[in-house]
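What follows is a short report on a single structure.
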Amino acid sequence: ETGVTQTPRHLVMGMTNKKSLKCEQHLGHNAMYWYKQSAKKPLELMFVYSLEERVENNSVPSRFSPECPNSSHLFLHLHTLQPEDSALYLCASSQDQTAANYGYTFGSGTRLTVV
Amino acid sequence: AQSVTQPDIHITVSEGASLELRCNYSYGATPYLFWYVQSPGQGLQLLLKYFSGDTLVQGIKGFEAEFKRSQSSFNLRKPSVHWSDAAEYFCAVGVYFGNEKLTFGTGTRLTIIP
């Protein structure tokens, strides 16, 4: 148990589907992150939320839409994805936005396959 | 901006042998440095971190890392690897001021042979 739970673990979706990834943490952390992990590439930071406010959006296509309804939950809504969006999507949390001081706690990820 | 380089994409060692994984960073001041491990199909788990003080830091699972400012390095070591250490290892650097976030290296895949 890492303290950060992601569901589902695996997801296969067609390019016209709409789905959502869910992340939940009960560590009392105030910052949450979405990362994309593709083969042979560094982890790509997608979104940062601090105290439920989006503080960073790293030029992510609009087919990815994050939502942070409270400090414990983070969603990534997906629609009209492309095959190149297939990857492992990792959620992480940190005590606050000064992540450098504490590091991150990661979830186990959602393995997304777009067909 | 800070950056991290892990020059070895894949390393193979025999069980019981010693291990050293390399990490070099680029940053103008003393960074915060981390090593994470990722087992297949899993998220990343923190092995150890360096903030300040003693340049040799101990982590979980028998790992240690040494910060060498003159070489801008933070190499991970283990004196005797176990088959369960087979995984992917990521070095990361964080900055102290500003919009803090971690920058990760591309990872080193470790294979253990009997």
Side-chain angles (χ1 to χ4, degrees), chain A residues 1-10 21 23-25 27 29-50 53-58 87-113, chain B residues 1-10 23-53 57 59-60 65 67 74 87-109:
Chain A
E1 176 57 55
T2 65
V4 177
T5 303
Q6 289 188 244
T7 53
R9 292 295 308 274
H10 301 274
L21 310 185
C23 176
E24 186 172 356
Q25 60 93 5
L27 300 169
H29 289 172
N30 290 317
M32 297 185 78
Y33 311 79
W34 279 117
Y35 276 88
K36 177 183 179 183
Q37 186 178 31
S38 305
K40 297 181 171 49
K41 285 186 168 183
L43 273 73
E44 300 173 52
L45 179 63
M46 301 175 73
F47 301 104
V48 180
Y49 276 82
S50 178
E53 179 182 338
R54 190 190 312 181
V55 296
E56 187 155 342
N57 175 352
N58 275 357
L88 182 67
Y89 289 84
L90 292 165
C91 174
S93 68
S94 67
Q95 206 156 326
D96 54 37
Q97 203 188 338
T98 55
N101 290 339
Y102 305 107
Y104 295 172
T105 301
F106 280 88
S108 297
T110 294
R111 171 68 62 188
L112 173 67
T113 304
Chain B
Q2 69 273 24
S3 66
V4 178
T5 302
Q6 292 181 248
D8 303 306
I9 296 173
H10 186 199
C23 172
N24 293 97
Y25 69 90
S26 173
Y27 181 58
T30 300
Y32 290 64
L33 295 161
F34 304 81
W35 274 100
Y36 285 83
V37 61
Q38 184 179 32
S39 298
Q42 299 297 315
L44 279 70
Q45 180 185 19
L46 181 65
L47 280 176
L48 47 79
K49 55 191 175 185
Y50 171 78
F51 293 161
S52 64
V57 294
I60 63 172
F67 170 60
F74 188 58
E88 186 130 21
Y89 291 80
F90 293 90
C91 183
V93 60
V95 297
Y96 183 69
F97 295 112
N99 187 8
E100 286 86 354
K101 58 180 180 285
L102 298 187
T103 299
F104 288 85
T106 50
T108 297
R109 180 168 300 281

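Atoms considered below: every heavy atom in the structure, side chains included; atoms not considered: hydrogens, waters and symmetry mates. Since we're looking at a predicted model, the values are computed, not measured. Each chain gets a letter, A, B and so on, in the order its sequence line appears, and its residues count up from 1.
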*Report yes if some heavy atom in the side chain of B:Q38 is under 4.5 Å from a heavy atom in the side chain of A:L88; otherwise report no.*
yes
*Measuring heavy-atom distances to chain B, does A:E44 have an atom under 4.5 Å in its side chain, in its backbone, in both, or in neither?*
neither
*List for me each residue that meets salt bridge (Lys or Arg N to Asp or Glu O under 4.0 Å) alongside B:R109, sequence neighbours excluded, and say none if there are none.*
B:E88
*What are the two closest heavy atoms between B:L102 and A:G103, and how far apart are they?*
CD1-CA, 4.3 Å
_Could you report the tightest heavy-atom contact between A:R9 and B:G41, atom names first, then the distance?_
NH2-O, 2.7 Å
*Under the ring-ring contact (aromatic ring centres under 6.0 Å, His included) test, which residues partner B:Y36, sequence neighbours left out?*
A:F106, B:F104
*asked:* Take a 6.0 Å sphere around CD1 of B:I9 and say whether it holds more than 12 heavy atoms from other residues, nucleotides or ligands.
replied: no
_Best-contacting candidate, B:A92, B:G43, B:G105, against chain A by heavy atom pairs under 4.5 angstrom_ = B:G43
